[in-house]
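Provided herewith is a single structure, encoded as structure tokens, for subsequent inquiry.
Note that the structure is a prediction, hence the values are computed from the model and not measured.
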Amino acid sequence: MTEQKEMTVRNTSVGTDDGQSLKTSNYSITDLSDECKSFDVSELSDKPGLKTVTMSDLFDRVYQGKPPIIDGLLYRGIYLFVGAPKIGKSFFMAQLAYHVSTGTPLWNYPVRKGTVLYLALEDDYPRLQKLLYRMFGVAENENLFISVSADSVGKGLDEQIHLFIQDHPDTSLVIIDTLQKVRETGGDNYSYASDYQIITALKALAAQHGICLLLVHHTRKQNADDKFDMISGTNGLLGAADGAFLLTKDKRTSNNATLDVSGRDQQDQRMFLVRDTDTLAWELDKVETELWKEPPEPLLDAVSQIVHSESPHWSGTPTELCQQLGIDLKPNAMTQKLNVNAARLKEEYNILYSHKRSHDGRRITLLYNG
């Protein structure tokens with residue numbers, strides 16, 4: 001049977017309206033704000049056929065997103081966490097849930113604190129109590145919520161998560177352990193289409209609320225040259241997801257494991273882990289490659305020289321900004337560079353950037369938000 005390739009168009013908001021203010025930022029292309037996602041590309045033309053935008057149209061807009069859950073490791077969207085049964089996936093999930101809910105760095109990765117919902121659907125509360133006590137002691141944690149039961153996708157789970165987030169709007173991570181527990185009944189044999197469909201449905205839920213949905217899943221027994229081909233099911237699971245983690249061991253009795261990470265908008269990584277026999281927590285031994293870092297952007301450095309804690313506000317035309325910065329750059333090009341780098345400007349310099357077009361022309365506003 002010939003494998004069918006499917007292509008999806010990401011729901012990114014594209015248009016020519018310049019007026020948007022920056023509230024949150026991210027380096028991930030997939031994590032756009034609700035405001036951007038609600039933009040209807042059909043507004044661009046009343047003619048039938050494809051709705052298109054030019055490259056210039058893209059650069060004329062500010063796309064906003066939400067920050068990563070764990071810098072360089074876990075982003076908002078839909079992710080798979082895959083491993084063989086009884087290999088230590090649930091220990092890792094408890095560890096992730098605790099670190100995100102407390103804002104505690106995970107190894108050398110900075111973590112942004114947020115409420116976590118952990119659906120431990122193959123566990124019970126007595127075992128979870130013992131596990132969390134062994135891993136973290138009796139430290140108080142009011143931001144980690146745990147449930148051992150949930151409805152399935154399309155039959156109540158969406159509403160359950162929606163209601164939880166209504167009560168806890170700072171929720172950033174929902175862990176579903178395991179994916180199989182929330183699938184519709186009907187056996188273990190699923191087609192590419194059904195695998196793709198369930199991930200797409202959960203991905204829409206994650207996008208709606210701006211969260212990360214982390215789905216625990218298992219591997220098949222057969223080895224593969226590409227480790228990610230060991231994911232149980234069809235390629236539809238990984239194809240629709242934003243990324244995946246694969247936890248493997250050379251020997252089941254070993255406390256050493258390898259964690260491979262792959263995602264749409266992040267660097268592929270391989271980490272070598274060791275499980276602490278006392279706490280059962282996974283510790284980082286070494287990484288195969290160092291994370292890539294974005295090179296400095298001179299324009300952002302120049303902006304930070306005129307907008308800072310002692311001079312927190314600037315407003316004017318692109319031409320006036322070029323003149324004040326003393327840079328040899330066309331005003332339109334300068335505006336487009338700021339549009340593209342608005343997230344970095346907020347993240348690295350605490351400067352909120354927006355621009356809008358009026359009858360007097362374009363106007364840029366810069367606000368220090370440190």
| Can you check side chain to side chain donor-acceptor pair (under 3.5 Å) on T335 and N332, steps first, answer last? | CA-CA 5 Å; T335 301; N332 185 56; 5.6 Å; no
| request: Identify whether V82 and L121 are in the same connected component of the hydrophobic contact network (ILVMFWY, side-chain heavy atoms under 4.5 Å). | output: yes
| message | When you compare the side chain of I364 with that of R362, does any pair of heavy atoms fall below 4.5 Å? | response | no
| query | Going only through I, L, V, M, F, W and Y residues with side-chain contacts under 4.5 Å, is there a path from F81 to I146? | reply | yes
| Under the side-chain hydrogen bond (donor to acceptor under 3.5 Å, both in side chains) test, residues paired with Y109 that sit two or more places apart | Q269
| query | Do we see a donor-acceptor contact under 3.5 Å between the side chains of S90 and D177? | reply | yes
| query | Does F245 belong to the same Ile/Leu/Val/Met/Phe/Trp/Tyr cluster as F272, with side-chain heavy atoms less than 4.5 Å apart forming each link? | reply | no
| said: If I take atom OG1 from residue T200 and atom CD1 from residue I78, how far apart are they, to the nearest 0.5 angstrom? | reply: 9.5 Å
| Is the count of non-hydrogen atoms from other residues, nucleotides or ligands lying under 6.0 Å from Q197 atom CD greater than 12? | no
| message | If the test is side-chain contact (heavy atoms from CB on, under 4.5 Å), which one of D242, L80, L213, V153 qualifies with I199? | response | L80
| message | Could you check whether atom CD of E142 has more than 12 heavy atoms from other residues, nucleotides or ligands sitting under 6.0 Å from it? | response | no
| said: Under a plain distance cut-off of 3.5 Å, with no hydrogens placed, do R363 and S315 share a side-chain donor-acceptor pair? | reply: yes
| request: Give a yes or no on whether V274 and M135 share a hydrophobic cluster (residues Ile, Leu, Val, Met, Phe, Trp, Tyr; joining criterion: side-chain heavy atoms under 4.5 Å apart). | output: no
| query | Is the backbone of R344 close enough, under 3.5 Å, to the side chain of N341 for a donor and an acceptor to pair up by distance? | reply | no
| said: Would the distance check show the side chain of D60 and the main-chain N or O of D57 forming a donor-acceptor pair, the cut-off being under 3.5 Å? | reply: no
| query | According to the interplanar angle, ranging from 0 to 90°, do the rings of F164 and F145 count as parallel (below 30°), tilted (30 to 60°) or perpendicular (above 60°)? | reply | perpendicular
| query | Do Y63 and N339 have side-chain N/O donor and acceptor atoms under 3.5 Å apart? | reply | no
| Can you check whether L73 reaches M271 side chain to side chain, under 4.5 Å on heavy atoms? | yes
| From CG (N350) to CD (E347), nearest 0.5 Å | 8.5 Å
| Close side-chain approach of E297 to K337, heavy-atom, < 4.5 Å | yes
| said: side-chain contact (heavy atoms from CB on, under 4.5 Å), that's the test. Do L273 and L284 meet it? Break it down for me. | reply: CA-CA 5 Å; L273 309 180; L284 179 64; 3.8 Å; yes
| field | Side-chain heavy atoms of V148 within contact of L128, under 4.5 Å | value | yes
| message | Taking ring pair (Phe, Tyr, Trp, His ring centres under 6.0 Å) as the criterion, tell me which of F136, Y118, F92 meets it with Y98. | response | F136
| message | V182 vs L119, test: side-chain contact (heavy atoms from CB on, under 4.5 Å). Steps then yes/no. | response | CA-CA 10 Å; V182 298; L119 302 180; 5.6 Å; no
| Residues, nucleotides or ligands: over 12 heavy atoms within 6.0 Å of K249 NZ | yes
| said: With rounding to the nearest 0.5 angstrom, report the NE2 to CD distance, H218 to Q180. | reply: 6.0 Å
| L117 versus I211: any side-chain heavy-atom pair under 4.5 Å? | no
| Is the number of heavy atoms from other residues, nucleotides or ligands within 6.0 Å of OH (Y133) greater than 12? | no
| query | Going by heavy atoms in the side chains, are V216 and E122 under 4.5 Å from each other? | reply | no
| Donor-acceptor pair, side chain of H99 and main chain of T104, under 3.5 angstrom | yes
| said: Distance check, rounded to the nearest 0.5 Å: R76 atom CZ versus L173 atom CG? | reply: 9.5 Å
| query | When rounded to the nearest 0.5 angstrom, what is the spacing between CD in E283 and CG in N255? | reply | 12.0 Å
| message | I'd like to check the side-chain hydrogen bond (donor to acceptor under 3.5 Å, both in side chains) partners of Q324; sequence neighbours left out, ordered by chain and number. | response | W314
| message | Just by distance, no angles: are the side chains of S304 and D301 close enough, under 3.5 Å, to form a donor-acceptor pair? | response | no
| request: Taking R264 for its side chain and A241 for its backbone only, find out whether a donor-acceptor pair lies under 3.5 Å. | output: yes
| said: If the threshold is 4.0 Å, N to carboxylate O, is there a salt bridge linking D195 and R183? | reply: yes
| query | Under 4.5 Å between any side-chain heavy atoms of S262 and D268, yes or no? | reply | yes
| field | Enclosure of Q267 CD (heavy-atom neighbours >12, cutoff 6.0 Å) | value | yes
| Does the S311 side chain pair with the main chain of H308, one donor and one acceptor, at a distance under 3.5 Å? | no
| task | Please round to the nearest 0.5 Å and tell me the distance separating atom CG of N141 and atom OG1 of T102. | result | 6.5 Å
| task | With side-chain contact (heavy atoms from CB on, under 4.5 Å) as the test, would you mind laying out the steps for R270 and T258 before giving the verdict? | result | CA-CA 7 Å; R270 172 168 291 178; T258 302; 3.7 Å; yes
| query | Counting N and O atoms only, with roles assigned by atom type, does the side chain of S194 sit under 3.5 Å from a partner on the main chain of S191, one being a donor and the other an acceptor? | reply | yes
| field | Other residues, nucleotides, ligands: >12 heavy atoms within 6.0 Å of D167 CG | value | yes
| query | Okay, side chain of R134, backbone of D278: is any donor-acceptor separation there less than 3.5 Å? | reply | yes
| said: If hydrophobic clusters are built by linking Ile, Leu, Val, Met, Phe, Trp and Tyr wherever their side-chain heavy atoms come under 4.5 Å apart, do F59 and L299 end up in the same one? | reply: no
| query | Is a side-chain donor or acceptor of Q95 paired with a backbone partner of W282 at a separation under 3.5 angstrom? | reply | yes
